[in-house]
Amino acid sequence: MSRFFTHSIILWSKTKVRALPWQQTEDAYYIWLREIILQQTRVEQGYKYYQKFVSKYPTVFHLADAGINEVYKDWEGLGYYNRAKNLHEAAKYIVKHHDGKFPAKYEEVLALKGVGEYTASAILSFAYHQPYAVLDGNVFRVLSRFFGIKLSIDTTEGKKYFKDLAQKLLDKNQPAVYNQAIMDLGAVICKPAHPDCENCPLAEKCKAFNTQTIPDYPVKKTKKPNKKSQIFFNFLVIESDEDILIQKREEKDIWKYLYQFPVVESEKELLQIINKDLVNSHQVINSRISKKYKQKLTHRNIEAKFFEYQVKEIIVSCHFLKIKKVDLNKYSFPKIIRDYLSDKYKYLF
DNA sequence: AATTCGGGGGA
DNA sequence: TCCCCAGAATT
């Protein structure tokens with residue numbers, strides 16, 4: 001059975017259309033960049049970021065020498081911003097401890113910030129043709145369906161079982177071809193919804209297909225009753241002719257280290273923002289303001305409301321940052337905020 | 001072991 | 001509008 005599985009996947013991959021250009025490289029640094037960008041990210045979305053990073057940071061030295069704020073800025077809109085931080089720290093680590101040469105041992109690669117088992121296996125197999133089977137969402141799905149595995153993929157026991165199975169099925173003579181093939185099959189044929197079983201080379205012996213139970217796989221233990229309370233982000237647009245106030249989001253928070261306009265967060269919709277709210281959030285602002293309701297944004301459990309204020313006199317303490325409006329583009333904003341602002345305040349961006 | 005991080009796509 | 005996707009770090 002495993003012979004059929006591995007052989008069919010390899011054969012299928014040879015019939016596919018040419019791979020994307022970024023799948024051709026065998027440079028570990030580029031593969032590392034690609035795999036970090038692709039974590040939880042669709043190929044269509046990630047590709048332009050990959051191109052940007054490759055051209056701007058052609059070697060690990062370029063990346064290590066860059067400032068973290070610049071890396072954040074280049075990552076803007078991609079999400080999971082800790083990846084940018086880990087990427088930068090790992091680049092500096094590689095320069096310092098590996099003399100800028102990308103490590104080629106599994107344990108060394110796994111030790112890099114932001115690199116887990118999947119990414120380490122991907123790098124080792126694609127760059128160095130070492131026999132490490134990748135285990136990502138695609139592989140979980142393909143294996144669970146084909147073999148009819150009812151073990152949950154999000155338990156320690158399940159992960160171990162799938163990892164051992166994946167490693168057993170790996171074509172040790174061509175780990176790069178095999179790993180790419182099984183992930184492609186999961187992405188193109190064995191999709192989460194509406195899989196294209198008619199064109200699947202594995203269908204003939206696929207347990208889920210033959211028992212009409214495809215929607216049952218993969219099995220997961222976690223239930224997600226994700227009904228969270230709303231948070232209102234009441235952003236303040238406080239500006240003078242040349243300057244504007246922004247704020248850096250602090251640690252242990254969504255959008256950590258990214259910038260935004262000063263905000264008053266609330267559980268309910270605020271009828272008005274008064275100076276007391278600002279004082280309570282440890283920001284002292286003395287001003288005469290007038291409020292104008294602008295627009296509501298919804299992002300998951302977040303409703304962001306924008307207001308516009310005309311400010312006569314501003315005395316600010318703490319961590320508000322007064323910057324030139326022309327420099328606004330140097331700061332990395334969360335996507336929904338950037339999208340809204342760049343559309344609404346074209347004169348600023 | 002459970003939770004958090006974020007954007008995109010589809011029902 | 002809601003639901004789903006899913007690697008790595010953190011708690």
Side-chain angles (χ1 to χ4, degrees), chain A residues 31-50 72 75-90 93 109-124 132-144 151-160 162-163 166 179 183 186-188 190-196 214-231 233 249-258 260 296-304 332-340:
Chain A
I31 290 172
W32 170 59
L33 271 182
R34 182 188 77 192
E35 292 301 333
I36 297 295
I37 287 172
L38 280 186
Q39 286 168 4
Q40 290 82 45
T41 305
R42 314 177 82 84
V43 170
E44 311 83 66
Q45 191 202 0
Y47 189 44
K48 56 181 180 293
Y49 285 85
Y50 174 79
Y72 270 123
W75 203 269
E76 184 182 62
L78 195 53
Y80 288 101
Y81 297 92
N82 247 345
R83 290 184 294 173
K85 181 165 174 280
N86 289 332
L87 189 77
H88 187 237
E89 288 180 7
Y93 183 91
V109 176
L110 188 62
L112 299 173
K113 291 266 180 111
V115 174
E117 291 187 354
Y118 162 77
T119 306
S121 295
I123 293 170
L124 268 288
Y132 291 92
V134 293
L135 185 54
D136 74 342
N138 292 304
V139 179
F140 273 122
R141 196 166 54 248
V142 172
L143 295 186
S144 66
L151 228 45
S152 297
I153 65 172
D154 53 356
T155 62
T156 305
E157 184 192 9
K159 281 174 185 156
K160 167 130 180 53
F162 277 91
K163 187 181 176 184
N179 277 339
M183 289 194 289
V188 174
C190 199
K191 297 174 287 188
H194 313 300
D196 186 13
I214 288 172
D216 297 344
Y217 299 98
V219 176
K220 291 177 192 172
K221 183 170 74 78
T222 55
K223 319 302 168 197
K224 40 196 68 175
N226 266 344
K227 210 53 185 177
K228 297 187 175 176
S229 57
Q230 284 184 328
I231 302 173
F233 286 174
R249 295 193 69 90
E250 295 303 330
E251 206 156 352
K252 285 183 179 265
D253 195 12
I254 190 174
W255 297 322
K256 174 165 66 168
Y257 303 137
L258 271 62
Q260 64 188 6
K296 181 176 85 172
L297 282 184
T298 303
H299 173 72
R300 288 171 159 262
N301 57 323
I302 294 166
E303 285 195 11
S332 184
F333 282 58
K335 179 108 169 40
I336 59 162
I337 297 175
R338 164 74 67 178
D339 285 351
Y340 175 82

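Please read these numbers as outputs of a predicted model, since none were measured by experiment.
If you take OH on A/Tyr93 and CG on A/Leu112, they are separated by 7.5 Å, rounding to the nearest 0.5 Å.
Nearest nucleotide to the A/Trp255 side chain, out of C/dG7, B/dG6, C/dA6: B/dG6. Comparing C/dG7, B/dG7, C/dA6 against the side chain of A/Lys335 picks out B/dG7 as the nearest.
Map A/Thr156 and A/Asp253 each onto its nearest nucleotide of DNA chain B; the residue landing nearer the 5' end is A/Thr156. Toward the 5′ end of DNA chain C lies the nearest nucleotide of A/Pro192, the other residue of the pair A/Pro192 and A/Thr119 mapping further downstream.
Looking only at distances, no side-chain donor or acceptor of A/Ser121 sits under 3.5 Å from a matching main-chain atom of A/Thr119.
As rounded to whole Å, 15 Å separates atom C1' of C/dG7 from atom CG of A/Leu87. If you take CG of A/Leu258 and C1' of B/dG7, they are 13 Å apart, rounded to a whole angstrom. When rounded to the nearest whole Å, the span between OH of A/Tyr340 and P of B/dG7 equals 17 Å. Whole-Å rounding puts the A/Tyr81 OH to C/dG7 C1' distance at 17 Å. Residue A/Lys163 contributes atom NZ, which lies 15 Å from atom P of C/dG7 at whole-angstrom precision. One interatomic measurement links the two molecules: CG of A/Asp154 to P of B/dA2, which rounds to 9 Å at whole-angstrom precision. Distance A/Ile153 CD1 to C/dG7 C1': 11 Å, rounded to the nearest Å. Atom pair A/Leu78:CG and C/dA8:C1' shows a separation of 15 Å (rounding to whole Å applied).
Residues A/Asn138 and A/Arg141 have side chains that bring a donor and an acceptor to within less than 3.5 angstrom of each other. Side-chain contact check for A/Gln260 and A/Arg249: at least one donor-acceptor pair (N or O, by modelled atom type) lies under 3.5 Å. Checked by atom type, the side-chain pair A/Tyr132/A/Glu117 shows no donor-acceptor distance below 3.5 Å.
Residue A/Tyr80 places no side-chain N or O under 4.0 Å from the OP1 or OP2 atom of B/dT4. For A/Gln39, a side-chain nitrogen or oxygen approaches OP1 or OP2 of C/dA8 to under 4.0 Å. For A/Lys220 and C/dC5, the shortest distance from a side-chain N or O to OP1 or OP2 is below 4.0 Å. One finds a side-chain N or O of A/Lys221 lying less than 4.0 angstrom from the OP1 or OP2 phosphate oxygen of B/dA2.
For the P atoms, the distance from B/dG6 to C/dT11 is 14 Å, rounded to whole Å. Rounded to whole Å, the separation between the P atoms of B/dA11 and C/dA6 comes to 16 Å.
By the side chain to side chain donor-acceptor pair (under 3.5 Å) test, A/Asp216 is found to be paired with no residue, residues two or more places apart in sequence or in another chain being considered. In this view, A/Asp154 satisfies the salt bridge (charged side-chain N to carboxylate O under 4.0 Å, His left out) rule with no residue, not counting sequence neighbours. Every residue meeting the side chain to side chain contact (heavy atoms under 4.5 Å, CB included) condition with A/Ile153, not counting sequence neighbours, appears here in chain and number order: A/Phe140, A/Phe162, A/Pro218, A/Lys220.
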What protein N or O atoms touch nucleotides 9-11 of chain B N or O atoms at under 3.5 angstrom, if any, and at what distances?
| residue | atom | partner | partner atom | Å |
| --- | --- | --- | --- | --- |
| B/dA11 | OP1 | A/His194 | NE2 | 3.1 |

Extract from the structure each pairing of a protein N or O with an N or O of nucleotides 9-11 of chain C at less than 3.5 Å, listing the distance.
| residue | atom | partner | partner atom | Å |
| --- | --- | --- | --- | --- |
| C/dA9 | OP1 | A/Gly114 | N | 2.5 |
| C/dT11 | OP1 | A/Lys252 | NZ | 2.4 |

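Residue side chain A/Tyr118 does not reach the base of C/dG7 through any donor-acceptor N/O pair under 3.5 Å, judged by distance alone. At a cut-off of 3.5 angstrom, the base of C/dG7 holds at least one donor-acceptor pair with the side chain of A/Gln40.
Pair check for B/dG6 finds none; no Watson-Crick or G-U wobble contact set falls under 3.5 Å.
Under a 4.0 Å N-O distance rule, the pair A/Lys256/A/Glu250 does not qualify as a salt bridge.
For the salt bridge (charged side-chain N to carboxylate O under 4.0 Å, His left out) condition, the pairs that include at least one residue of residues 39-50 of chain A, sequence neighbours left out, are A/Arg42-A/Glu44.
Here the rule is side-chain contact (heavy atoms from CB on, under 4.5 Å) with A/Arg34, and of A/Leu38, A/Ile36, A/Ile37 only A/Leu38 fits it.
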